[in-house]
Amino acid sequence: MESVVTEKFRSLVEVLSDLEAINHQAASFFVNASRDSIAAKNRFAVAISGGSTPRRLYALLGAEPYRDRVDWQHVHFFWADERCVPKEDEESNFKTAFDTLLWKVSISDGNIHRIRGEEDPDKAAGDYEEEIKMFFGISGSPMFDLIILGMGEDGHTASLFPGSKALQETIRIAVPVYLEKPNRNRITLTVPVLNNAAQVLFLVAGDSKVKAVSEVLGDGEERKRYPAGLISPVHGSVTWLIDRKAAGGLKRIRQ
Ligand code: 6PG
């Protein structure tokens, strides 16, 4: 699987042939990250995203050969964001992960920390924050072992959208977000939480992402205008797995 790797902004950017290659590389990344974290801390706390890109990743992790390489009993699933819908709704990020992965692996219910999208957004965000604090036993910002993110055409990530006041949040761990279009509340982890992760893995594919990728990973100063461009873990690493289509606008990738 030919790929081009480069270092940019303390990120590792790997350009792979297509979406399938991205998701296989992400599955290997997940397996390795879980092994290292469980060996070091006897747990692997991962926050995952919704959207279409990572669906195949979740399906790969729920099947051989990847499934048996993960010690699921020591894995804790959280979400980077959630839509404010019931967990049975097709829009639910929990439902996406449950249908493609969670029901197929041997993981305790107590290890699945879903955001209760069916509840009032403020209450759901507050309850999620308390659950995260209980899990990490912290008063500050939790350190997830891995956060898996996507990026929209507008450079949003999780449910942090350009111009959103959620981007200014520096105290709360999770906040509600109201979107005009589509008319849908969401709940999202905040920038300080994403930037406190041990590892962040971005999965981005398709030519609709060319502009956002070229500005977030390009050499210009525009990156900070995009929420995804704000993600630069203080103590951790960022790995971008992008396909050739999405990388089309990158002037050069140093090998
Ligand atoms: C969500 C995701 C969102 C997603 C991007 C990219 O809940 O929708 O968290 O941030 O990662 O919108 O979505 P695609 O993978 O579908 O392009």
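Values below: all heavy atoms of this structure, side chains included; hydrogens, waters and symmetry mates excluded. Every number for a ligand or one of its atoms is a count from 1 in the order of the listing. On a predicted model such as this, the values are computed, not experimentally measured, just so you know.
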Taking only heavy atoms of [X] into account, list the atoms of ligand 1 that are under 4.0 Å away from them.
| X | value |
| --- | --- |
| D81 | 1 (C), 2 (C), 7 (O), 9 (O) |
| R83 | 1 (C), 7 (O), 8 (O) |
| S49 | 9 (O) |
| R186 | 1 (C), 7 (O), 8 (O) |

Quick one, N32 and R35 - any side-chain contact, counting heavy atoms below 4.5 Å?
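Touching, per the 4.5 Å side-chain cut-off.
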
Tell me which donor-acceptor pairs under 3.5 Å the side chains of residues 201-208 have, and how far apart each pair is, sequence neighbours excluded?
none

For ligand 1, note which part of N93 has a heavy atom under 4.0 Å away: side chain, backbone, both or neither.
side chain

From the options G150, G155, A158, G206, select the one whose nearest heavy atom is closest to atom 11 (O) of ligand 1.
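Checking each option, the heavy atom nearest atom 11 (O) of ligand 1 is found in G150.
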
For atom 12 (O) of ligand 1, which of M151, E153, H156, K209 has the closest heavy atom?
H156

Are E20 and R56 within salt-bridge range, i.e. N to O under 4.0 Å?
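Salt bridge between E20 and R56, a charged N being under 4.0 Å from a carboxylate O: yes.
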
Electrostatic pair D18:K245 at N-O distance under 4.0 angstrom
no

Could you check atom 13 (O) of ligand 1 against the protein and tell me its nearest heavy-atom contact, residue, atom and distance included?
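Atom 13 (O) of ligand 1 sits closest to the protein heavy atom G51 CA, 3.9 Å.
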
Closest protein heavy atom (residue, atom, distance) for atom 15 (O) of ligand 1:
T53 OG1, 2.6 Å

Per the side chain to side chain donor-acceptor pair (under 3.5 Å) rule, what does the pair list look like for residues 59-69, sequence neighbours excluded?
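Output for this query lists H24-Y66, E64-R67.
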
Check this for me - ligand 1, S159, N or O atoms closer than 3.5 angstrom, yes or no?
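Among all N and O atoms of S159, none is under 3.5 Å from an N or O of ligand 1.
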
Separation of E88 CD from F98 CZ (nearest 0.5 Å):
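CD of E88 is found 10.5 Å from CZ of F98.
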
Going by the angle between their ring planes, with limits at 30° and 60°, are F77 and F30 parallel, tilted or perpendicular?
parallel

